[in-house]
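Worksheet: the structure to be examined is printed underneath.
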Amino acid sequence: MSASELHQMGVAELAAAIADKKTSSVEAAQALLARAQQHQNLGAYLAFNEDLTLTQAKAADARVAAGEHGPLLGVPLAHKDIFVTQGFPSTAGSKMLAGYQSPFDATVVAKLAQAGAVTLGKLNCDEFAMGGSNENSAFGVARNPWNTQRVPGGSSGGSAVAVAARLAPAVTGTDTGGSIRQPASFTGVTGIKPTYGRCSRFGLVAFASSLDQAGPMARSAADCATMLSVMAGPDIDRDSTSLDHPAEDYTRLLGAPREGASAAQPLKGLRIGLPKEFFGEGCAPDVIAAVRSALGEYEKLGATLIDISLPRTQLSIPVYYIIAPAEASSNLSRFDGVKFGHRAAQYDDLIDMYKKSRSEGFGPEVQRRIMIGTYVLSHGYYDAYYLKAQQIRRLIAQDFQQAFTQCDLIAGPAAPTVAWKIGEKSDDPVANYLADIFTLPASLAGLPGMSVPAGFGAGNMPVGLQLIGNYFKEGELLQTAHAFQQATDWHTRAPSGF
Ligand code: GLN
């Protein structure tokens, strides 16, 4: 098959072509590696290991030759560089971990490998996943293929670029406060953050442990369902917050009408709640227009739209920016130049070594969060900030449970604007934080959420529709998104030249 045919394929098409011997895993991996290297100006990939990729592809081809079948068998994928991987450097986008080689694979990476997926390389991200534009990476910006002067979102920016620019059919990402949903929205790809605890955090470089979740990003809800079915599942022995809930086949509801609905109106009976706080003056009019017209499509599919309220939406920003830095300051204390990470070349004594190593190894945003986190946890401030934030977090989760008495799913924009220009907000941390307003509530509540391409806004940049479900409703989210994608073609659009 030609290279251009191969890179246009999503996960399902590639797996089928490999199974039918129309192509091989080796041929697909070679084509995608060449394409990824040719587009290195986009800053999507941080590392390749061509020999290892081709060794994995050959092994997958041998499994195909032996008669094995599988939805990911032989399919080349790439991983956000926050997952540790054997054979590739694992940096978390930080100078602190430049060149670090992990002796083991993250659970999510290992599960995908067991299913026969092949690793193309590691993807750029904001340093320790702190950011929403990929501009905090120590290894340079990633560029949005819809307009290379604009950010791709973050922190899973490289992941989003790889899918949008057809440098990989699907990728892994992580979402602590929106890092799958917001870059998916900014680049016109589909991404899902599952219920907190659904995917193992083992081998995921920790940012804020009570929020971090892994999830897939791909061109369609169907491909995300295939990926998530492999990635999710209990890992109790290695991740104490992994949920003891059996693995599920998230593809089982795809294409099936809801109970009592028909093929013509597959979403009949589905009540979609629209929080009034997501459609107010904090959201750009072009984004609201695209989201409203996508919701019109859901109505045609049979869904009913209901006005709801998530009254503490605004509080999610101060709450998250207390809890996440608090956890980060604790998690990042392990990077001291002794056990892990960069060590300064010259220093006077032990304290000086810590200071210099951490000052050199961590970038400005990470240092800022360590300072905020240390402050809010300190004696005398803990009750006023950290404890208060935890109390409000509980109330935010309760607001969702109240809302789910009125509706089955919640919908709104994934982000208040389309992707901004590179550099536009880089001197203003608070402007970056405010842009997280629509993704933080579900993160704080631990709920599953996804972003689905829903059209275009200002500057012809993509807009994502966010869908939020109750705990463990990933299957319903993916079913709903799939029905939308059967009726529309936003998710199939590629940036021009890609
Ligand atoms: N943008 C948010 C932050 O900067 C979320 C990041 C994430 O989800 N990893 O913390």
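The structure presented is a predicted model; accordingly, all values stated were derived computationally and were not measured. Note that ligands are numbered from 1 as they come in the structure, with each ligand's atoms numbered from 1 the same way.
For Tyr433 and Tyr320, the gap between ring centers reaches or exceeds 6.0 Å. Centroid-to-centroid, the aromatic rings of Tyr100 and Phe335 stay 6.0 Å apart or farther.
Every N/O-N/O distance between Thr174 and ligand 1 stays at or above 3.5 Å. Polar contact check, Gly178 against ligand 1: a nitrogen or oxygen pair lies under 3.5 Å apart. When only interatomic distances are considered, the shortest N/O to N/O separation between Asp175 and ligand 1 does not fall below 3.5 Å. For ligand 1, the polar-atom distance check finds an N/O of Tyr320 within less than 3.5 Å of one of the ligand's N/O atoms.
For ligand 1, the atoms closer than 4.0 angstrom to any heavy atom of Ser179 are 5 (C), 6 (C), 7 (C), 8 (O), 9 (N). Distances below 4.0 Å separate heavy atoms of Asp436 from the following atoms of ligand 1: 1 (N), 2 (C), 3 (C). Heavy-atom contacts of Ser155 reach the following atoms of ligand 1: 9 (N) (cutoff under 4.0 Å). Under a 4.0 Å criterion applied to the non-hydrogen atoms of Gly177, ligand 1 contributes the atoms 5 (C), 7 (C), 8 (O). Ligand 1 places these atoms under 4.0 Å from at least one heavy atom of Phe207: 9 (N), 10 (O). Distances below 4.0 Å separate heavy atoms of Tyr321 from the following atoms of ligand 1: 1 (N), 2 (C), 3 (C), 4 (O), 10 (O).
When all heavy atoms of Ser443 and Leu211 are compared, the closest pair comes out as O-CD2, 3.3 Å.
Under the 30°/60° scheme for interplanar angles, the aromatic rings of Trp420 and Phe186 are found to stand perpendicular. A parallel orientation is assigned to the rings of Phe48 and Tyr45, their planes being inclined by less than 30° (bins at 30° and 60°). Note on ring orientation: taking the six-membered ring where Trp is involved, the planes of Tyr385 and Tyr375 are tilted (angle from 30° to 60°).
The protein heavy atom nearest to atom 4 (O) of ligand 1 is Arg369 NH2, 2.8 Å.
Looking at Arg369 and Glu127, no side-chain N of the basic residue comes within less than 4.0 Å of a carboxylate O on the acidic one, giving no salt bridge.
Residue contacts with ligand 1, taken as heavy atom pairs separated by less than 4.0 Å, involve Ala129 via backbone and side-chain atoms alike.
Both tests pass for Arg292 against the ring of Phe279: distance under 6.0 Å to the centre and angle within 45° of the axis.
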